[in-house]
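One structure is given here, and the rest of the page talks about it.
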Amino acid sequence: MKKSLLLLASMAFATASFAQTTPATATTAVTAHHGKRHKTPEQRADHRTAMLTKKLSLSADQQAKVHQILLSQAQEAATIRAKYPAEAQRQAMHQAMEAGQARYQTQLQGVLSAEQFGKLQAMRQEHQHKEKGEPGSKAKS
């Protein structure tokens, strides 16, 4: 009797804990893409600026400029995604994203030193190899 009562109580507790939900806030939007939370353009720019600061040893001046470039890029990408929501428009969205990315790469090249920009290009190529699953690409640590 005690065991069944204890089992019933633990099941009730477990069910109650799973029933609790966290409401979506203005800082993170939830999309239907595999239930992942996507960052806002501001959060994306902050995260990428911090990552580049760490990996490229950016100065304070470079940090501010890079953040502004990345924020503009993230905001434009969000606008493009909203403009081309349908799967049939995927090619047009891809072309618009590539054009914007090329423009922002040129801006970053003006802010970064030649050595830093070279590292950035190498990081980007490594990331593309990982995405494609090509042999010889470094595995995630």
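The figures here come from the full heavy-atom set of this structure, side chains too, leaving out hydrogens, waters and symmetry mates.
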Worksheet, complete the sentence: Rounded to the nearest 0.5 angstrom, the CD-CD distance for Q107 and Q68 is 9.5 Å
Item to complete: Check side chain to side chain donor-acceptor pair (under 3.5 Å) between R124 and all other residues, then give those that pass, not counting sequence neighbours.
Response: Q105
Worksheet item: Who passes side chain to side chain donor-acceptor pair (under 3.5 Å) against T53, sequence neighbours left out?
Response: Q63
Worksheet item: Which pairs with one or both residues in residues 58-74 pass salt bridge (Lys or Arg N to Asp or Glu O under 4.0 Å), sequence neighbours excluded?
Response: D61-K65
Fill in: Expected output: side-chain Q125 to main-chain A122 donor-acceptor under 3.5 Å
no
Item to complete: Kindly give the heavy-atom pair with the smallest separation between A78 and P41, and that separation in Å.
Response: CB-CG, 4.2 Å
Could you go through residues 93-102 and list every donor-acceptor pair under 3.5 Å that involves a side-chain atom there, pairing it with any protein atom two or more places apart or in another chain?
unit_1	atom_1	unit_2	atom_2	d
H94	NE2	E98	OE2	2.9

Worksheet item: Under the side chain to side chain donor-acceptor pair (under 3.5 Å) test, which residues partner S113, sequence neighbours left out?
Response: Q116
Worksheet entry | Approximate separation, where rounding is to 0.5 Å, of T49 OG1 and Q62 CD | 12.0 Å
Response to the item:
When every non-hydrogen atom of P85 is compared with those of A82, the smallest separation belongs to CD-O, 3.5 Å
Discussion item. Holding to salt bridge (charged side-chain N to carboxylate O under 4.0 Å, His left out), I want the full list of residues that pass it with E87, two or more places apart in sequence or in another chain.
Written reply: R90
Worksheet item: Under the side chain to side chain donor-acceptor pair (under 3.5 Å) test, which residues partner R44, sequence neighbours left out?
Response: none
Worksheet item: Tell me the salt bridge (Lys or Arg N to Asp or Glu O under 4.0 Å) pairs involving residues 104-114, sequence neighbours left out?
Response: none
Worksheet item: So which residues get pulled into L52's cluster when ILVMFWY side chains under 4.5 Å apart are joined, directly or through others?
Response: M51, L56, L58, V66, I69, L70, Y104, L108, V111, L112, F117, L120, M123
Discussion item. Run the salt bridge (charged side-chain N to carboxylate O under 4.0 Å, His left out) test against R103 and tell me which residues pass, sequence neighbours left out.
Written reply: E76
